[in-house]
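This report refers to the structure that appears directly beneath it.
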There are 2 protein chains.
Amino acid sequence: MLDTAGCPDCKRINDVLSRVGDRWSVLVVISLARDGTLRFNELKKNLGISQRMLSLTLKELERDGLVHRTYHPTIPPKVEYTLTEMGQSFREPVSALGYWALENLTKIDAARQAYDKSVAK
Amino acid sequence: MLDTAGCPDCKRINDVLSRVGDRWSVLVVISLARDGTLRFNELKKNLGISQRMLSLTLKELERDGLVHRTYHPTIPPKVEYTLTEMGQSFREPVSALGYWALENLTKIDAARQAYDKSVAK
DNA sequence: CGGAATCCCATAAGATACTG
DNA sequence: CAGTATCTTATGGGATTCCG
């Protein structure tokens, strides 16, 4: 695995990032945090995620205890997803990341343009 | 913000996360936040990252305006990396994520074991 | 020392088709 | 509707080599 001997904090950060740090997990948690309860296809539609990746992501989040899955054996079937208590608590740090992303997107774009311009010639 | 109807911001959040959300970028920022200034091979040694990935990651971070690069044209050459102001601000949401991780990793492990146990037979 | 350039492989992830 | 199975392509990332 990864050698993080020189950065003990990196070990911990790396642990959590490898579990719930991928962008689909983050976006699913954000969506559920805001809407409370969502069905499979509602998430799919909202996030623009492929069916396969949503299925895999939700299964992982459920396994990690962040998301609760409720299956209604009706016809047609209906499956609802909500955040667990731990999932709710995850909302805070994730929201912090989300807000930072929104606040700095334009600055990043500006930095990129400046960089590309200075490198161009 | 994040509480608007639909999930229009998910696209933009996704944009930013796909830029600075990868594991190597996060680990580089954490290292620089802790040590202040680091040379190329110091980062390489600390993170256990390959030369290629470190080079690519640093170039991207510099382009995004998160990392500042100082080249000393000595023999042998010496290159130092530090965080920009925006890079420093990125550390806050990442640290929040780290703290959450520290508090919840054992719970996640427990949830996983319970899940795997309930699924197996 | 600090990269850049190749090569190569493992995995991620989209598209598609099928099912209860 | 909510998945699963399969195929295929795209990407990540290590190892190696070479250069100013």
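- Separating the CG atom of A:Leu54 from the P atom of D:dA2 is a distance of 10 Å, rounded to the nearest angstrom.
- Remark: C1' of D:dG3 and CD of A:Glu80 are 16 Å apart, rounded to the nearest angstrom.
- Separating the OH atom of A:Tyr71 from the P atom of D:dG3 is a distance of 9 Å, rounded to the nearest angstrom.
- If you find the closest nucleotide of DNA chain D to A:Asn41 and to B:Asp22, the one lying nearer the 5' end belongs to A:Asn41.
- Legend: salt bridge (Lys or Arg N to Asp or Glu O under 4.0 Å) pairs involving residues 49-61 of chain B, not counting sequence neighbours, sorted by first then second residue: A:Arg112-B:Glu60, B:Glu60-B:Arg63.
- Across residues 55-70 of chain B, B:Ser55, B:Lys59, B:Arg69 each have a non-hydrogen atom less than 4.0 Å from an atom of DNA chain C (numbered order).
- For the pair B:Lys78 NZ and D:dG20 C1', the computed distance is 19 Å after rounding to whole Å.
- Within the structure, a side-chain polar atom (N or O) of B:Arg39 is placed less than 4.0 Å from OP1 or OP2 of C:dG2.
- The side chain of A:Tyr81 places no N or O atom within less than 4.0 Å of a non-bridging phosphate oxygen (OP1 or OP2) of D:dC1.
- With sequence neighbours excluded, the residues that form a ring-ring contact (aromatic ring centres under 6.0 Å, His included) with A:Trp100 are B:Phe90.
- A ring-ring contact (aromatic ring centres under 6.0 Å, His included) check over residues 24-81 of chain A, counting only residues at least two apart or in different chains, returns nothing.
- In this structure, A:Leu38 atom CG and D:dC1 atom C1' are separated by 15 Å, rounded to whole Å.
- Under the side chain to side chain contact (heavy atoms under 4.5 Å, CB included) criterion, A:Ala111 pairs with no residue at all, not counting sequence neighbours.
- A:Asp109 meets the side chain to side chain donor-acceptor pair (under 3.5 Å) test with B:Arg19; sequence neighbours excluded.
- In terms of the side chain to side chain donor-acceptor pair (under 3.5 Å) criterion, residue partners of B:Ser25 (sequence neighbours excluded) are, by chain and number, B:Asp22.
- For A:Arg23, the side chain to side chain donor-acceptor pair (under 3.5 Å) test picks out B:Asn14, with sequence neighbours left out.
- When the C1' atoms of four end pairs are superposed on the next four at each end of the helix from C:dC1-D:dG20 to C:dG20-D:dC1, using five pairs per end, the two resulting axes differ in direction by 40°, to 10°.
- Residues passing the side chain to side chain contact (heavy atoms under 4.5 Å, CB included) test with A:Glu42 are A:Leu38, A:Arg39, sequence neighbours excluded.
- Distance B:Glu42 CD to C:dG2 C1': 13 Å, rounded to the nearest Å.
- As rounded to whole Å, 14 Å separates atom P of D:dA2 from atom CD1 of A:Ile75.
- Taking the side chain to side chain contact (heavy atoms under 4.5 Å, CB included) definition, one finds that A:Val26 meets it with A:Ile30, A:Val94, B:Leu17, sequence neighbours left out.
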Can you give one letter per nucleotide of nucleotides 14-20 of chain C, going 5' to 3': B for a protein heavy atom under 4.0 Å from the base, S for sugar-phosphate only, - for none? BB-B--B
